[in-house]
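Chain A is the first sequence line, chain B the second, and so forth, proteins listed ahead of strands; every chain is numbered from 1.
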2 protein chains.
Amino acid sequence: MSRTRKDRPGRTGSLTMADLAELAGVSKITVSRALADSPLVTPETRERIQALARDHGYKLNVSARNLRLRRSHTVAVIVEMKPSSDRTMLDPYPLTLLGGIAQELTAAGYSVLLTTRQGAAAAAVQAADGLILLGQGVRQDAVRRFDKLGLPMVVWGAHGEEDAHAVVGSDNRMGGRLVAEHFLRQGRRHPVFVGNPSHPEIFERLSGFVDTLTAHGIKPLLLRRDEFTLASGIDAVHSLATRKVPFDALFACSDLLAMGAIRAVQELGRKVPDDCSVVGYDDMPMAAAFQPALSSVRQDWQAGGSLLAQKMLALIAGEPVESQVLPVSLVARAT
Amino acid sequence: MSRTRKDRPGRTGSLTMADLAELAGVSKITVSRALADSPLVTPETRERIQALARDHGYKLNVSARNLRLRRSHTVAVIVEMKPSSDRTMLDPYPLTLLGGIAQELTAAGYSVLLTTRQGAAAAAVQAADGLILLGQGVRQDAVRRFDKLGLPMVVWGAHGEEDAHAVVGSDNRMGGRLVAEHFLRQGRRHPVFVGNPSHPEIFERLSGFVDTLTAHGIKPLLLRRDEFTLASGIDAVHSLATRKVPFDALFACSDLLAMGAIRAVQELGRKVPDDCSVVGYDDMPMAAAFQPALSSVRQDWQAGGSLLAQKMLALIAGEPVESQVLPVSLVARAT
DNA sequence: ACAGCTAATGATATCGATATCAAGACATCG
DNA sequence: CGATGTCTTGATATCGATATCATTAGCTGT
């Protein structure tokens, strides 16, 4: 029984370049060149081999090529996906960041390898040409751990004092300041920040907010809420009411939280924005259709993703890359 | 100053098993076994080698292993990302599907390779152990094209008549029927469907909607809108008003569209739901906080993602897999 | 003591592609 | 006519891991 490669059991039934070479009566390397459109082979034989490859459904073995070329045209994106009640990357908005990254990288011919920090899958990360970290603070140990891989790396989040790598993030401090100024213009006396400041980005919003207000002699209250849900916003306001804490302005660090808060304030029989103004964060599309129309700080997640990807591509190309903060803007509507 | 990249001279900078072997005074294969916790090596030498690997920061070359083992522990997810005005996978909700997939697969030790249909990046797909297709209709040529790769494949979307592969999707027809019955119970006479029926899933919603209504002697109107935005919803209602078409019930195929429509209806001086009831789709979290509280068809994208992933894992394990439709439910609120 | 057995390790081939260098065919030029 | 150069193709080594089969050391049993 002749062992032709045609009758290999099962597998993918895929031929190798060696098979093609035999079929065409040339050597492997000629096949390799022909398929790569190398000018080193006669147009005639190139055509012939390419046709052969098409007809027989030849499929390149990417692992073999990656091994030989020592690059994978793949960028790993590592997201924080702890199943806790914390805001996870599985939320729609952080995922938008991923969408921006994917769009930019695939346009450049790169693939995106999506992984979590935990899990055995982390092994695959090492095959990547670069690393984008989402959802973990910059100073976390995770960042240092991945730094050890020696891969080009870009991080999304708050900026550290002395970052060893490029960081891209929204200007959260500016977001806090804009809202503070908004409240000051309205003459509010008892502003409250609602959110989870243990999250570095949100901490920055808080500090921009607090700094601006205290500079004007106003001392805001911090109401800590870990969840970014409607219920959490409602609950936050209830908590203020039962404690009889005075408040006339709320800065919630997500739109959902803000909407919940507004409903709760209204249920207390108080008017928004007359008795209490409210500002959210992210400016989701329906913020404008909310009643009353929600004021919110807009940050462009998708643009952030694109930027992360662009910096990554630059790093891979060996160019130097700087950290960058993306400006945010306050969209002042009714509340 | 940019210290973006570790500047090692020449080489890849990382050692290989051969290097470790030399350091430990054993052979490559012993190193391989030691690192794989194989019982074939003495616990003592295993410890020694593992310590050595740690100390020297040894990193496995995944491409090499993939080549040898002929599997990559990677599942490719191919999403439709055309930059048209169509609903793209970059929208938050379809991305949630991806979140579910990622969570399930990474928990099982697999990585997710995210790619678009176009682009050279498609090459990397062939290295995957399986393929999940999102965002393209089942009967599209794209599906057939990827089918040729001979990889385990699962598709998200509407179910075809005779599918050659496993399809998972929401029960869109049921969604349409539920809304139709809701309108019938309310005694509505002039229901309108707002959305883009060229999208197979949305076409199913439409047909479930229409079939149920016509069975009760009511003929709904189709108002075609391609975008899933607030503006589009507003515009849709305006178009009805200027054409003086009578309507007393709107079924919008996204919540955003529904919210825009509601605002437009209210601006016309008509009451929701008294003069016109409205139902959206997806039941986004803030649907409940909308005023009036939005009724919506709930579909669990993330669960869909998990299910896709589970079926993929089963396929990879060689088990047979059936197509499946996920039930949806109508969350009837004020509108 | 010697055949027979297990435990631990190693030599070699292999996965499928590409880089390097060499070689044959053919044309050009002094 | 021989030397040189260009064009096309090929033989071989290599990337870094693992499978297979062979080998050695240590142990038991009668």
From CG of B:D19 across to C1' of D:dC15 the rounded distance in Å is 13 Å
d(CG, B:L35; P, D:dT18) in whole Å | 8 Å
Search all heavy atoms of A:L308 against all heavy atoms of A:L134 and return the closest pair with its distance.
-> CD1-CD2, 3.7 Å
For the residue pair A:N61 and A:T16, establish whether any side-chain heavy-atom pair is separated by less than 4.5 Å.
-> no
To the nearest 0.5 Å, atom CG of A:L60 lies from atom CE of A:M17 at 5.5 Å
Atom CZ of A:R71 and atom C1' of C:dT18 are separated, to the nearest Å, by 11 Å
Atom CG of A:N66 and atom C1' of C:dA17 are separated, to the nearest Å, by 10 Å
Can you tell me how far the CD atom of B:Q324 sits from the CG atom of B:L307, to the nearest 0.5 Å?
-> 4.5 Å
Between atom CD in A:Q126 and atom P in D:dA17, what is the gap in whole Å?
-> 10 Å
How many Å lie between CG on A:L20 and P on C:dT18, as a whole number?
-> 12 Å
Under 4.0 angstrom between B:Y58 side-chain N/O and D:dG16 OP1 or OP2 | no
B:E44, CD: over 12 other non-hydrogen atoms inside 6.0 angstrom | no
Side chain to side chain donor-acceptor pair (under 3.5 Å) with A:S27: which residues, sequence neighbours excluded?
-> A:T30
Under 3.5 Å, side chain of A:D129 to main-chain N/O of A:H73, donor-acceptor pair present?
-> yes
Yes or no on side chain to side chain contact (heavy atoms under 4.5 Å, CB included) for B:V125 and B:L131, after CA distance, side-chain angles and deciding distance?
-> CA-CA 8 Å; B:V125 166; B:L131 221 56; 3.2 Å; yes
Spacing of B:L67 atom CG relative to D:dT14 atom P, expressed in whole Å = 17 Å
Can you check nucleotides 7-10 of chain C for protein contacts, nitrogen or oxygen pairs under 3.5 Å, and list what you find?
residue: C:dA8; atom: O3'; partner: B:T42; partner atom: OG1; Å: 3.2
residue: C:dT9; atom: OP2; partner: B:T42; partner atom: N; Å: 3.2
residue: C:dT9; atom: OP2; partner: B:T42; partner atom: OG1; Å: 3.3
residue: C:dG10; atom: OP2; partner: B:S27; partner atom: N; Å: 2.9
residue: C:dG10; atom: OP2; partner: B:S27; partner atom: OG; Å: 3.2
residue: C:dG10; atom: OP2; partner: B:T30; partner atom: OG1; Å: 2.6
residue: C:dG10; atom: O6; partner: B:R33; partner atom: NH2; Å: 3.0

Are OP1 or OP2 of C:dT18 and a side-chain N or O of A:S32 less than 4.0 angstrom apart?
-> yes
Please determine if a side-chain N or O atom of A:R70 lies less than 4.0 Å away from the OP1 or OP2 oxygen of D:dG16.
-> yes
To the nearest 10 degrees, what angle separates the axes at the start and end of the helix from C:dA1-D:dT30 to C:dG30-D:dC1, five pairs each?
-> 50°
Please step through side chain to side chain contact (heavy atoms under 4.5 Å, CB included) for the pair A:R48 and A:V26, ending with a clear verdict.
-> CA-CA 11 Å; A:R48 191 163 55 91; A:V26 297; 4.0 Å; yes
Using a cut-off of 4.0 Å on non-hydrogen atoms, how would the nucleic acid contact of B:R65 be classed: base, sugar-phosphate, or nothing?
-> sugar-phosphate
Atom CZ of B:R68 and atom P of C:dC15 are separated, to the nearest Å, by 7 Å
